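Worksheet: one structure, shown below.
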Amino acid sequence: ILTVMLDMIDEDLQYEMKQNNYSSIKKILMIDDDPFMHDMAEMALDDENYVISFAKTGKEGIELLEENKYDLCILDLELPDMDGFAVMDSIHKNIRGTRVIFLTGEKDINTIKRSEEFGAEDYITKPVNSRVLRDSVYSVLNH
């Protein structure tokens with residue numbers, strides 16, 4: 001049995017048989033009405049340690065946050081039914097332990113300051129670079 005195991009290890013050059021550490025899996029919720037952002041996030045965060053869910057409206061996002069525990073919420077500031085600050089306010093009042101990264105097309109200093117006041121961990125402007133998103137998510141979840 002040992003010989004077979006060692007042969008399997010030697011043949012697994014891509015480490016595809018490694019054991020996942022399920023205690024380190026992070027749940028992420030992206031609240032954004034743009035399907036392109038959902039696709040881009042799935043590609044950018046394609047990692048066995050991330051499980052990503054999506055919501056297209058603030059109301060849907062709040063409901064998911066209340067029903068499930070998420071480690072991180074990636075939140076667009078411009079949603080069809082409410083703005084991201086209203087969603088963030090609900091997170092602060094009703095949901096504990098979820099960190100937030102704001103996404104927006106706005107590059108206004110007042111919006112950036114307001115996002116800091118609301119407790120956002122990071123602020124990413126659109127169009128989003130997949131590497132920037134990946135680095136931001138990693139930084140927020142691991143520091």
Side-chain angles (χ1 to χ4, degrees), residues 4-143:
V4 171
M5 292 287 292
L6 291 173
D7 288 343
M8 288 173 67
I9 291 169
D10 288 341
E11 292 172 8
D12 187 24
L13 300 176
Q14 300 298 319
Y15 302 106
E16 294 172 352
M17 291 188 291
K18 71 180 180 179
Q19 181 176 346
N20 285 335
N21 183 356
Y22 292 103
S23 65
S24 68
I25 291 177
K26 304 294 185 186
K27 290 181 67 179
I28 300 170
L29 175 63
M30 173 177 266
I31 306 174
D32 193 315
D33 61 328
D34 184 352
F36 172 77
M37 287 303 302
H38 295 200
D39 293 342
M40 194 276 294
E42 280 187 324
M43 286 187 293
L45 304 174
D46 182 26
D47 183 302
E48 68 269 12
N49 291 327
Y50 298 137
V51 174
I52 307 170
S53 301
F54 299 98
K56 294 181 180 179
T57 65
K59 182 178 187 255
E60 180 185 359
I62 290 168
E63 288 172 359
L64 285 172
L65 285 163
E66 290 174 343
E67 294 169 3
N68 305 286
K69 167 123 176 59
Y70 290 94
D71 300 290
L72 176 65
C73 178
I74 303 170
L75 176 59
D76 189 9
L77 283 178
E78 296 179 25
L79 298 165
D81 58 343
M82 63 180 69
D83 73 9
F85 292 115
V87 175
M88 184 72 167
D89 189 45
S90 180
I91 290 172
H92 280 309
K93 289 178 181 173
N94 305 313
I95 302 142
R96 302 280 177 219
T98 300
R99 297 170 148 191
V100 176
I101 296 173
F102 273 132
L103 279 179
T104 184
E106 292 184 38
K107 296 176 182 161
D108 177 63
I109 190 69
N110 293 325
T111 306
I112 294 170
K113 286 180 181 178
R114 189 169 177 211
S115 73
E116 290 173 357
E117 291 168 4
F118 268 77
E121 301 276 337
D122 204 352
Y123 181 97
I124 302 174
T125 56
K126 293 180 177 181
V128 176
N129 177 299
S130 61
R131 184 178 180 114
V132 170
L133 178 63
R134 186 174 49 248
D135 290 348
S136 177
V137 166
Y138 180 84
S139 177
V140 168
L141 289 174
N142 293 292
H143 293 100

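FYI, side chains are in, hydrogens and waters are out, and symmetry mates aren't considered; it's all heavy atoms of this structure. As the structure is a prediction and not an experimental result, all values here were calculated from the model.
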Locate the shortest heavy-atom distance separating [X] from [Y]; write the atom from each residue and the value.
X	Y	value
Gly61	Leu29	O-CD2, 3.6 Å
Met37	Val128	CE-CG2, 3.7 Å
Thr125	Glu106	CG2-O, 3.6 Å
Glu78	Thr104	OE2-OG1, 4.3 Å
Cys73	Ile91	SG-CD1, 4.4 Å
Leu75	Gly84	CD2-O, 3.4 Å

With sequence neighbours excluded, give me every salt bridge (Lys or Arg N to Asp or Glu O under 4.0 Å) pair touching residues 32-45.
-> Asp32-Lys126
Between [X] and [Y], is any pair of side-chain heavy atoms under 4.5 Å apart?
X	Y	value
Tyr123	Leu77	yes
Phe118	Val87	no
Val100	Met88	yes

From [X] [atom1] over to [Y] [atom2], what is the distance, rounded to the nearest 0.5 angstrom?
X	Y	atom1	atom2	value
Leu64	Ser53	CG	OG	6.5 Å
Leu133	Ile124	CG	CD1	5.0 Å
Ile52	His38	CD1	NE2	10.5 Å
Glu121	Ile74	CD	CD1	12.5 Å
Ile101	Met30	CD1	CE	9.0 Å
Phe102	Ile31	CZ	CD1	10.0 Å

Under the side chain to side chain contact (heavy atoms under 4.5 Å, CB included) test, residues paired with Asp71 that sit two or more places apart | Lys26, Lys27, Lys69, Leu141
Chi angles and distances behind the salt bridge (charged side-chain N to carboxylate O under 4.0 Å, His left out) call for Glu117, Lys113 | CA-CA 6 Å; Glu117 291 168 4; Lys113 286 180 181 178; over 6 Å; no
For the pair Asp122 (side chain) and Val140 (backbone), establish whether a donor and an acceptor sit closer than 3.5 Å, ignoring hydrogens and angles.
-> no
How about Tyr138: does its OH atom have over 12 heavy atoms from other parts shown lying under 6.0 Å from it?
-> no
